[in-house]
Structures are given as C-alpha cells and as structure tokens.
Protein chains: 2
Amino acid sequence: MGTPRQRIGIKEVAAAAGVSVTTVSHALNGKGRLPEETRERVRRIADELGYRPNATARNLVVGKTGLLGLAVSQQGGAPLAVTDFAYFAQLMMAASTEAIANGYALVMAPGDAALNPQAGIAVDGAIIVDPVRDDGLVAQLQQAGIAVVTTGRLPGGDAPSCWVDNDHIAGTTEMLDHLERRGARRIALMTSALDISYSHDVEQAYADWCERRGAEPLLRRAASDLTERAGYAVASELLSLPEPPDAIFSTYDRLAFGTLLAAEARGVRVPDDLLLATTATESQAPDEARPSLTTLDLNPEEIGRSAAGLLVDLLEEQEPAQRHVLVPHRVIARASTGRP
Amino acid sequence: MGTPRQRIGIKEVAAAAGVSVTTVSHALNGKGRLPEETRERVRRIADELGYRPNATARNLVVGKTGLLGLAVSQQGGAPLAVTDFAYFAQLMMAASTEAIANGYALVMAPGDAALNPQAGIAVDGAIIVDPVRDDGLVAQLQQAGIAVVTTGRLPGGDAPSCWVDNDHIAGTTEMLDHLERRGARRIALMTSALDISYSHDVEQAYADWCERRGAEPLLRRAASDLTERAGYAVASELLSLPEPPDAIFSTYDRLAFGTLLAAEARGVRVPDDLLLATTATESQAPDEARPSLTTLDLNPEEIGRSAAGLLVDLLEEQEPAQRHVLVPHRVIARASTGRP
DNA sequence: CCTCGTTGGAAAGACGTTTTTGCAAACTCC
DNA sequence: GGAGTTTGCAAAAACGTCTTTCCAACGAGG
C-alpha cells in the first residue's frame, strides 16, 4: 500500500540496463553471444531490481506445465496407503524440495484420476510410488508420452522404465544375518500380500537366505491394511505354532508394533524369548517403542529426492545420466534384538 | 507413436466448428453474446475433439500462477509437524482434491522458504495449517498481497483474516460432558504447549467448564514433540498424584496412546479405573487401540476441503460469501470411556 | 581498399489463451 | 423506410517470456 509495487519484468530490467529484452533474456539464461561483461552487468541489475522471471510465461513458450505429479499406486481402490503416512510424507516432502529447487512444482494426486492424461491435471512428469502390477495409471501416462519415474519397480514391467529403489535383497539379507548373529535359529518373515516389487524382493531374499542355510522358510502375509491389528493377528498365530520362531522380521513397522502387543499378551519377552526387527516407515516410532525396535531404515527422503531429481533429468536432458537409482539402506540395531 | 498426436487447441476447435477462436472461447467460458444453440454446438465439437484448454496460456493472460501453496506453520524450526502425519495428510489430500476441482494445483511447501514471496515459488494463495503466534510466513504473504487462509486462527492476529476451524470450545465441552456422564469426577486435560489457537480454545473451554462446576482444573502440557513417550511421561506423573484424576482428555492421539501404556504399566485399568478420551488425528488408530479410544473427531478432510474452497472463493470472487468456516466435529464413544 | 567473417545486440515472431473492440446484419419503433 | 438498438460473431491486442532472424560495426586478410 502506498508503493505501486508493480511486478517488475524483463522489460523493466532491459530499460534499467539500457539494453533490449533479448539481451536480458540471453544474459540471464546463458544463451546468445554476449561478452561476459554485459552478461554480468545485466545480471547485477536484475538482481538489484529483484527481478523474478514469470514462470507461467516461460512455461508457455517452452511448452511445459512446470508441474510434476506424485501419486501412490492404488491397490484396488484403497484411499491412499493409509498405513504408510510417515514414509510417504517424508518421501513427498523431499521430492517437493527437489522439484522446487529445479523450478518445478510438485502436486499431490489425491487419486488416480487426478493424473489421468485425458481427464486430470496436465503435468510434465509423474512419480508413482510403489506401482502395483498392471498399474493403469503408469500405462496411461507412458502412453501419453509423459515421463514417469517409479519408486520401486513395476512388477512385470516389460517396457524400459526409470525407477529409484532400495536394494531390498541386500537389506533383507543384512537384517537376517544380523538376527542370526544375535542368536536367532528360526526366523519368520512377516510381510504383506501387495503385488509390488518390494514384497517380491524381500520374499526372494528370504527364500534364498533360508535355502543357503537349509532352513525351513516361515513366511506370513498380513492383511493388506497393514495395521497393528493385522500384525497382532499374524504374530499370535506364529507364536502359537508347535515350533514357534525365535525371531520375526517384519517389513512394515505397524505390523511390528502389533507383534510387540501380541508377544506381551502371551508373555513372550522381547528380546529374551523373541528377537524382533522391522523395516522402518517412521523414523522415530521404532525408537520409541518398548523395547525400541531394531530397524532397517529405507531412507524415504533420499528416495523422494532421487525420484524428483531423476524425473527432472528425464525432462531436461535428452539422455539422462542414469535410468535407475539405488538408495542406500541402513540397519539400526536396537533393544529388540538384544544387546542395545 | 504413428499418430501425430498433435495437441489440439482452441484453433482446431474453431476450424472444426467453422467459427472463430473468439467464439469458441466465449462459448466454453459462458462469456460474450452467443445464442445457446451456437454455444452448445461448439461445446459438443470441443468435446468430440477432446479439447483441453492449455492452463498455462490461460494463467498467463489472466495473470495467475494457478498454484496454491500449503504449509504447516513452523514452531521454531521443527521439520514439519512430524507427529501429526495422518491428520495432516488427510487435510492435504482433501485440499488437493478441492483445488484440482477448481482448476488449481496444490503444492506442498517443504518449509517456510518455499512460499516466501521474495525467494520461493509464486502462488496465487496459500493455506497455512495451525499458524503459531507471529508466524513470519503469514505476515510475509499478506504483505505481498497473497491470499491466505489458515486452518486454526492466528493467535493475536489483529488483521482481518480468513480461516477455517473447528468449534473447539464446543467440542471440548461436549467431551467433558461425556466423561462426566460416564462417571468422571476429576478430569485432567493433557495438551501441548504450542502457541496455536487450538490449544488456547481447548484450555479455555476446560477452564470454563471446571469453573462452572467449581472443580479444580488439572492441566498438563506435554513436550511439544507430542510423541507417545511424552504422553507416557505426563500420564505417569498424573497417575502418581496423591489425588489422581479418574479421567483424562488428551488433545493428541499420540499422547493418549502413551497414556494407555502408562496406565498399563501402573496396573491402572481403562476404563474401570480411568476413563480416557482423545482428539483424533488418525481415524482408525484410536479404534484399533486396546481398549479402543473414545474420540473427538475433528474431520480433517472437511477442514482441508473447506480451506481450499475458501481460498478459491477469495481468489475468484471479489467478496467471498464468508470469511470464516466452522467445521463440525463428532464425539465417538468407544470402550475407553466404558459401556461400548 | 575491398571482401569476408565475427561479434554484439536489437527486432520480431511465437506460445495458446482471454478480452476488448469493432462491425455488419437483423430487428424494433415510429 | 430511416434511425436507433440489439444480436452474432470476428479481428486484434494483450499476457511475459524465449528464440530465431537480421543488421550493423568491426577486424583481418588479400
């Protein structure tokens, strides 16, 4: 108020610098043939005036929307992976940060329809989290020529695709080794029935690990809502076996919390009678549980950051440096596997 | 591939309909003077051709960005309200849905800087969740002339503002009444020390309620990380008082879960020895707890939907129908307050 | 001195809409 | 049947940037 506060544009900068708008544009974008001296002067003046290029105008001329979409693959019609809010929120925040740093805006798709090329919002590229087999959205996007990066790999995906993922085979193996070192002789795997690459990788790593040791696999898939209640049910069943496991590796922290409750209800002490480890979706929660939970940290922030970065590369460079990214994991030993 | 797949624009529609682009624009936007018959025909042809207006071009000419920002107010420099992922995610998804329905894209701000009018991404308007007193971002946005809607009211806010909120006074009172009806004689309030309107409203409602009954208030503010651990600590202190409460109302579900643990650890039975109620941030979790928790449901989806809707009104209409929205709450009685 | 290549920079078109203005044709009214 | 008024639509100007094209000045080589 008082100040006219006219948004200053490239024209104003040009006038102030005594050059044409062309020169300003070239100077700021490193294009054209200009002596470094002029470039520098224009940049300085633009800075002084607080010039911020209008993203809409730029997008219009370069033919982009400036938008990246982020969606969680839908199993059936589940209203978002309700159980994984923390993992998902961390991933999203990191992806958003990276997108903004590259001049894009990340928009959350509240459902498959939001990114539908025919009906939804127009985006330059999309990140699909944990695609399920035959994910319709992924197919639609690719068919429409929209760049797609998945976190986790598309099961059965034939087409060449871009993804970022953890090395779940290695992570699972490390955790099983850890449990064995802490004295486990009979390790059960508690996972989900979701048809995503994560499940497949973990189950395969587990099967291979057991086979190498000549051990009998003890695999349970919890109800796909992945609540503590589901973990409680599966753990109760496991613990009442004639030959119950002496260690459980859960691939979702909610399932592990439920397992903790089930153990307590049956008077099974963790870690004395049962070792318990989990994959983390929420960084603090496992540490706050009683006892604190040994965790395989999947580093969702880095997943999100990498996914957005890869997507931007895909959009801006003709040939991205890499089409696949592996994000490092980390085994964090806590009280639930003994010797804290 | 094979099909040229030229993006069809307003020009193609005009050609197909045998009219000018002006007429197409007018027909589609309900502007200008056109007989209904022409309008209808143009709309039909546009539909048949699958015409989708280019949002970027539209935004350019109307001088908008088409972006709405959503940020969680930062207390100090906390990396997002970590504890409230579920509440927050539900709110965000609903806001995103509403934004898209109105032709906007909602972008999550991964920190205050992202929406800074000087340095961040340019948005038409912003939703700030639970603003703390003297929130810098709110001030900056308003000063820059960017429309702001807050969920929860800005403490000490002098300027006229737009917000959507629950009637926490009424909600708290209802819950206290419920506890009293279920036999509580000494009700403690467990809340946070956050300087947001939510805390103030609840504390005031509690103080008033106690005063009306001549009861002594028993108020505790948990550490602001609001974890189960924090709830555990506060509950332990309360239960070890010479005259402990026979009911606790927690304003965050995590605190209530911690309370449940503390009660169990001390052999205090819920609901027999202690009634426990909580405000919900996660719809299923309180139901899944053991015992299931009586809940004050704040309806975060509706908060998010309303906030986005109000923001759009603010941007598109000179004078919005209303500047404040109250979203209904709901008391859900469960096992933790007896008689399920 | 003339030609040619290089350098620095400006002019103008384009991106796909919306909006304003303009202008005939078709009515209405006396 | 002429003067106004309404109706239906088109032409053109924006919006702010990037990009292509073009031109003048300058230097070098013969």
Side-chain angles (χ1 to χ4, degrees), chain A residues 5-43 45-46 49-67 103-105 121-124 315-316, chain B residues 5-43 45-46 49-67 102-105 121-124 315-316 318:
Chain A
R5 262 200 145 299
Q6 281 272 58
R7 178 104 178 131
I8 74 134
I10 202 173
K11 278 203 276 266
E12 282 71 28
V13 177
V19 297
S20 71
V21 296
T22 309
T23 303
V24 175
S25 175
H26 283 339
L28 262 32
N29 298 324
K31 305 268 178 80
R33 293 173 311 200
L34 293 182
E36 192 52 39
E37 172 202 329
T38 305
R39 253 182 236 287
E40 200 48 54
R41 188 167 53 88
V42 171
R43 284 208 195 99
I45 294 184
L49 265 50
Y51 168 68
R52 321 251 339 256
N54 179 313
T56 308
R58 187 207 301 267
N59 286 333
L60 178 59
V61 54
V62 302
K64 294 184 168 184
T65 65
L67 262 33
Y104 291 83
I121 190 174
V123 297
D124 294 331
L315 292 172
E316 310 215 319
Chain B
R5 262 200 143 301
Q6 282 271 59
R7 177 103 177 132
I8 75 134
I10 202 174
K11 278 201 276 266
E12 283 71 29
V13 177
V19 297
S20 73
V21 295
T22 309
T23 303
V24 175
S25 176
H26 282 161
L28 263 33
N29 298 325
K31 305 267 178 82
R33 294 174 308 202
L34 295 181
E36 192 53 37
E37 170 201 329
T38 305
R39 253 182 236 286
E40 201 47 56
R41 187 166 54 88
V42 171
R43 285 208 196 99
I45 294 184
L49 265 49
Y51 168 69
R52 320 254 336 259
N54 179 313
T56 308
R58 186 208 301 266
N59 286 332
L60 179 60
V61 53
V62 301
K64 295 184 168 184
T65 66
L67 261 34
N102 285 280
Y104 290 83
I121 191 175
V123 296
D124 294 331
L315 292 172
E316 310 215 320
Q318 52 289 47

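Hydrogens, waters and symmetry mates play no part in the numbers below; they use all other heavy atoms, side chains included. In the text below, chain A, chain B and the rest are named by the order of the sequence lines, each starting its count at 1. These numbers were taken from a predicted model, which means no experiment stands behind them.
The side chain of A:Val62 lies closest to D:dC18 when the candidates are D:dC18, D:dG8, C:dG9. Comparing D:dT19, D:dC9, D:dA12 by their closest approach to the side chain of A:Thr22 singles out D:dT19. Nearest to the side chain of B:Tyr51, among C:dT17, D:dC9, D:dT19, sits C:dT17. Residue A:Val61 has its side chain nearest to D:dG16 when only D:dG16, C:dG8, D:dG8 are considered. Distances were taken from every side-chain heavy atom of B:Pro35 (C-beta onward) to each of D:dC18, D:dC9, C:dA10; the shortest belongs to D:dC9. Of the candidates C:dT19, D:dT17, D:dT7, the closest approach to any side-chain atom of B:Lys31 belongs to C:dT19. For A:Arg33, taking side-chain heavy atoms from C-beta onward, the closest of the listed nucleotides C:dG8, D:dT19, D:dA12 is C:dG8. Candidate nucleotides C:dG9, C:dA10, D:dT17 were compared by shortest atom distance to the side chain of A:Ser20, and C:dA10 ranks first. Of all nucleotides listed (D:dA10, C:dT18, C:dG8), C:dT18 comes nearest to the side chain of B:Ser25.
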Subject >> Verdict with supporting geometry, A:Thr23 and A:Ser20, side-chain hydrogen bond (donor to acceptor under 3.5 Å, both in side chains) >> reply: CA-CA 5 Å; A:Thr23 303; A:Ser20 71; 3.3 Å; yes

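For B:Glu36 and D:dT7, the CD to C1' distance is 15 Å, given to the nearest whole Å. Residue A:Leu60 contributes atom CG, which lies 13 Å from atom C1' of C:dG13 at whole-angstrom precision. Rounded to an integer number of Å, the gap from CG of B:Leu28 to P of C:dG16 is 17 Å. We find that NZ of A:Lys11 is positioned 16 Å from P of C:dA10, with the value rounded to whole Å. Between A:His26 atom NE2 and D:dT19 atom P there is a gap of 9 Å when expressed in whole angstrom units. Rounded to whole Å, atom P of C:dG16 lies 8 Å from atom CD of B:Glu12. Atom-to-atom, CZ of A:Arg39 to P of C:dT7 comes out at 13 Å; the value is rounded to the nearest Å. Taking atom CG of B:Asn59 as the reference point, atom C1' of D:dA14 lies 16 Å away to the nearest angstrom.
Checking B:Thr65, B:Asn59, B:Val123, B:Leu315 one by one against B:Tyr104, the side-chain contact (heavy atoms from CB on, under 4.5 Å) holds for a single residue, B:Leu315. When A:Asn29, A:Thr22, A:Leu28 are each tested for a side-chain contact (heavy atoms from CB on, under 4.5 Å) with A:His26, only one passes: A:Thr22.
The residue among A:Val21 and B:Gly18 whose nearest nucleotide of DNA chain D lies closer to the 5′ end is B:Gly18. DNA chain D is contacted by both B:Thr38 and B:Ala57; B:Thr38 maps to the nucleotide lying nearer its 5′ end (nearest heavy atom per residue).
Annotation: side chain of B:Ile45 is not in contact with side chain of B:Val24 (no heavy-atom distance under 4.5 Å).
Of the possible donor and acceptor atoms, none in the side chain of A:Arg52 sits under 3.5 Å from a partner among the backbone N and O of A:Arg7.
For the pair A:Val21 and A:Ile10, the tightest heavy-atom approach, listed with the atom from each and the gap, is O-CD1, 3.8 Å.
Nucleic acid contact for B:Arg58: sugar-phosphate only, since backbone atoms but no base atoms lie under 4.0 Å from a heavy atom of the residue. As judged by a 4.0 angstrom heavy-atom cut-off over every strand, B:Asn29 is placed among residues touching the sugar-phosphate backbone only. Residue contacts shown for A:Val19 are limited to sugar-phosphate atoms, with no base heavy atom under 4.0 Å away. Residue-level contact check: B:Gly63 touches neither bases nor backbone, having no heavy atom under 4.0 Å from any strand. The residue B:Thr56 sits apart from the nucleic acid: no heavy atom pair falls under 4.0 Å.
Contact annotation: A:Thr23 does not reach the phosphate of C:dG9 (side-chain N/O to OP1 or OP2, under 4.0 Å).
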